[in-house]
Amino acid sequence: MKINITFPDGQTKPYEKGVTALEIASSISEGLARSVLTAKASGEVIDATLPLNKDAELQLLTWNDDGGKKAMWHSSAHLMAEALEVIYPGVKFGIGPPIENGFYYDIDLGEQTISEHDFKKIEEKMLELAREKNEYHRNEISKTDALNYFKEKGDEYKLELLHELEDGQITFYTQGNFTDLCKGPHIPNTGFIKAVKLTKVAGAYWRGDEKRKQLTRIYGITFPKQKELTEYLQLLEEAKKRDHRKLGKELELFTFSEKVGQGLPLWLPKGAALRERLENFMREAQKKAGYEPVITPHIGHKDLYITSGHYDKYGEDSFRPIKTPAEGEEFFLKPMNCPHHCEIYKSKPRSYKDLPIRLAEFGTVYRYEQSGELHGLTRVRGFTQDDAHLFCRPEQVKDEFKKVIDLVLYVFKALDFQNYTAQISLRDPKDKEKYMGGDENWEKAEIAIIEAAEEKGLKTVVEVGEAAFYGPKLDFMVKDAIGRKWQLGTIQVDYNLPERFELEYTGSDNQKHRPVMIHRAPFGSLERFVALLIEHCEGKFPLWLTPEQAAILPISDKYNDDAQNISQLLKNYDIRAFVDDRNEKTGKKIRDSEMKKVPYMLIIGEKEVENNTVSVRKQGEGDLGSFSIEKFATIINDEIAASTTKINN
RNA sequence: GCCGAUGUAGCUCAGAGGUAGAGCGCUUCCUUGGUAAGGAAGAGGUCAUGGGUUCAAUUCCCGUCAUCGGCUCCA
């Protein structure tokens, strides 16, 4: 019997029924056969060693394919499990999947513990087992036999997983002396794994449930060549150089103090100046878009949060209330600005003609985040949102929402954030208690977001269960230097707060109506935004934002006064410059300015003073030649103008 | 909050059961220099913090705090 195999280039060839992808690869070339990890047959990724029994479109997957990598790492998780079983007899296994970069396995070591100091011996054992080139054998097994196997082994985690599977679709994979419940696919044998690096150990709750037992999770990554591991490790080193915590310290943008408290950032002068420019940029953009600035206090009465629902949801997990000494009234640090803004809306009667009303505030809010979760400027306990609340008529929602999308995209474009993901976060319909408000409001809000994003042509991913407790949202997510995803811009439609605060407007029918609220923050929080900005530009900020635009470097202290004069002149052109008048050689001053990522260096010596010029050097590029001060000012201001024109078109 | 690691000078880090070191930075002096590190001298540390073991602890053990990597959470 023959079957027809169609290759990605459209060619079709007949093969014997029962042929494996690996055999097909061998028939093409030995080299190919040596690099095939798995195969995709009619859309499904399978073992390359699995017999093919019917016509199929076949794609051979190697290390260069996602499916190949995933299988490699999945098989590596099994290999690690085998090694662990040798070193830690009696270890029990949870799950061990491949992930974006490598794999992990959750294990229960009983009384034993494991730390990074133990990695070396595990890695060595893995490599030793890999060299045995043990094949990954697939076995279909009945549920009863499978249950018996893990009962005997005493692995309650695998038993729990098994109970959820149906008989007839259970497979085991065995390599060497290790057998695991697994649906595959796997690579042909362990010999493909040539380089192993265990990266971290962490506690992880069984099935992601905080209330269940915490297992030990070991992360690792493997490669088919030692060289690729070396390259990967280098890449990680490079990424660390972009880390905003490191750059923030080096460039003197922000700091933390144990005395002030964890998660409470202190903005240093350079960081504060940078942030202020960002705020002004946003103020300008919002003014054009019809927003009205408001200002509200940092605390609010407990009743405010009872009305808003925040007290119910977070009262116990927030910072403890502040009590007035005489009356014993309770106040909370504000965790959000919306309740205050709702009260501003209510300060006078509103007509349909007034809507939409757009109230904007750089509001500083405080949230008690779990201590283990704090992280540089990206996750803090006190931060400032570029917040605004739009109160509109129901028929205005979609239009307003689309305008906000435009604003967010404008901001991202201005700061060159290209690799964002637009994520629509909906509520989890199976877990309605987590959320506030009725079904009808939720449905309206979710539909409004989906339609607005669609009409704007945004490519979105939908995440169920990620909504805020009072409404669905559209978030703009960006990755940081170490690959973690963070929410920056956010837009949220809210039918619930207007109801809780009993917001109203008088319609053209002279009846009372309920407005709809849109919460939005294009930066999200200034802290987080600046953190991501630092990482994206590696501390080399756009010229209009950067703390110091130019360093003036006198060749010797004879020219210090001339340098000061030039600094004064540049101020007239709105150029931020400082004089490095240290008693150092020019080479040293240049080096230091390069390291501090100052965009321009102006070298001043005898020639320049005589000709009334400055010698211009650009960071990362080198000498540009001599220019008059006016000319230099034009260069800078043109460069800034060019970036702004680019944004506006 | 949970699991694991870490905490030594302003920064980056070395060190050892007998009370501490380097490089950079800082101060002073010499040098007055032309596009990525000129030279010398000096100041600077309750070795995170509280307790325990010991003749002796910064070093070993325990608690606390903070930081780092994950987990959970994230208005």
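Computed from a prediction, not measured in an experiment: that's the story for all the values here. The figures here come from the full heavy-atom set of this structure, side chains too, leaving out hydrogens, waters and symmetry mates. So you know, we letter chains A, B, ... as the sequences are listed, proteins then strands, and number each from 1.
- Counting any heavy atom pair closer than 4.0 Å across all strands shown, A/E250 reaches no nucleic acid atom.
- As judged by a 4.0 angstrom heavy-atom cut-off over every strand, A/E258 is placed among residues touching the sugar-phosphate backbone only.
- Base-pair partner of B/G33: not found among the strands shown (Watson-Crick or G-U wobble, both distances under 3.5 Å).
- With a cut-off of 3.5 Å on both pairing distances, B/U59 has no Watson-Crick or G-U wobble partner at all.
- Separating the P atom of B/A5 from that of B/U12 is a span of 22 Å, rounded to the nearest Å.
- Atom CD of A/E210 and atom P of B/C74 are 9 Å apart (whole Å).
- Using atom P as the reference point in both B/G63 and B/G4, the two lie 11 Å apart (nearest Å).
- RNA chain B is contacted by both A/Y314 and A/S615; A/S615 maps to the nucleotide lying nearer its 5′ end (nearest heavy atom per residue).
- Among the heavy atoms of the strands, none lies under 4.0 Å from A/Q619.
- For A/Q112, the CD atom is densely surrounded, since the number of other residues' heavy atoms within 6.0 Å is greater than 12.
- Straight-line distance from the CG atom of A/D580 to the P atom of B/G33: 17 Å, rounded to whole Å.
- Within the shown strands, B/C65 is the pairing partner of B/G7 under the Watson-Crick or G-U definition, both distances less than 3.5 Å.
- At a threshold of 4.0 Å, the pair A/E124-A/K121 does not count as salt-bridged, since none of the basic side-chain nitrogens sits closer than that to a carboxylate oxygen.
- Across all strands shown, B/G17 remains unpaired; no Watson-Crick or G-U wobble contact has both distances below 3.5 Å.
- Computed from coordinates, the A/K213 NZ to B/C3 C1' distance equals 12 Å when rounded to whole Å.
- Nucleotide B/U54 has no partner under the Watson-Crick or G-U criteria, as no pair reaches both atom distances under 3.5 Å.
- In this structure, A/T216 reaches neither bases nor backbone, as no heavy-atom distance under 4.0 Å exists between it and the strands shown.
- As rounded to whole Å, 13 Å separates atom P of B/G25 from atom CG of A/N583.
- Nucleic acid contact class of A/A202 (heavy atoms, under 4.0 Å, all strands): base.
- With both ends at atom P, the span from B/A20 to B/C24 equals 23 Å, rounded to whole Å.
- Nucleotide B/A41 has B/U27 as its partner under the Watson-Crick or G-U criteria, with both atom distances under 3.5 Å.
- Residues A/D108 and A/K213 are paired through a salt bridge, judged by an N-O separation under 4.0 Å between the basic side chain and the carboxylate.
- For B/G69, the OP1/OP2 oxygens have a side-chain nitrogen or oxygen of A/R245 closer than 4.0 Å.
- Under 4.0 Å is where a charged nitrogen must lie from a carboxylate oxygen, and between A/E446 and A/K473 no such pair does.
- At distances below 3.5 Å, at least one donor-acceptor pair connects side-chain atoms of A/N611 with backbone N or O atoms of A/K607.
- With C1' as the reference atom, B/G10 and B/U27 are 14 Å apart, rounded to whole Å.
- Across every strand in view, B/U12 sits in a pair with B/A22 that passes the Watson-Crick or G-U test at under 3.5 angstrom.
- Across all strands shown, A/R217 has heavy atoms under 4.0 Å from sugar-phosphate atoms exclusively, and none from any base.
- Taking atom C1' in both B/G21 and B/C47, the straight-line distance is 12 Å, to the nearest Å.
- Contact annotation for A/H519: no contact, since no heavy-atom pair falls under 4.0 Å across all strands.
- What separates CD1 of A/I482 from C1' of B/C68 is a distance of 9 Å, to the nearest Å.
- Comparing A/F469 and A/T586 by the nucleotide of RNA chain B that holds the closest heavy atom to each, the one mapping nearer the 5' end is A/T586.
- Distance A/K607 NZ to B/G34 P: 10 Å, rounded to the nearest Å.
- Of the nucleotides present, none pairs with B/C47 by Watson-Crick or G-U wobble criteria with both distances under 3.5 Å.
- No engagement by A/G309 is indicated, since no non-hydrogen atom pair under 4.0 Å with the nucleic acid exists.
- Within the 3.5 Å criterion, the main-chain N or O of A/Y368 finds no donor-acceptor partner in the side chain of A/R381.
- At the heavy-atom level, A/G587 lies under 4.0 Å from the strands shown only through sugar-phosphate atoms.
- Contact annotation: A/R484 side-chain N/O to B/G69 OP1/OP2 distance is under 4.0 Å.
- Close to B/U67, at under 4.0 Å from its OP1 or OP2, lies a side-chain N or O of A/Q262.
- At whole-Å resolution of the value, CD in A/E369 and C1' in B/C74 are 5 Å apart.
- The same atom, P, is picked in B/U46 and in B/A41; the two are 25 Å apart, to the nearest Å.
- Atom CG of A/N612 has 12 or fewer neighbouring heavy atoms from other residues, nucleotides or ligands inside a 6.0 Å radius.
- A/K249 has a side-chain polar atom (N or O) that falls below the 4.0 Å cut-off from OP1 or OP2 of B/U12.
- Across A/H244, A/R242, A/R245, a single residue satisfies side chain to side chain donor-acceptor pair (under 3.5 Å) together with A/E535, and that is A/H244.
- In this structure, A/D108 places its CG atom 15 Å from C1' of B/C71, rounding to the nearest Å.
- Base engagement by A/R379 is indicated by at least one non-hydrogen atom pair under 4.0 Å involving a base atom.
- Using a 4.0 Å heavy-atom distance criterion, A/K313 is classed as making no nucleic acid contact.
- Under a 4.0 Å N-O distance rule, the pair A/D106/A/R217 qualifies as a salt bridge.
- Phosphate proximity of B/G25 to A/K588: present, with a side-chain N or O under 4.0 Å from OP1 or OP2.
- At a threshold of 4.0 angstrom between heavy atoms, the contacts of A/Y219 are confined to the sugar-phosphate backbone, with no base atom among them.
- If you check every strand for non-hydrogen atoms under 4.0 Å, A/R528 touches nothing.
- Comparing the C1' positions of B/U64 and B/U6 gives an interatomic distance of 16 Å, to the nearest angstrom.
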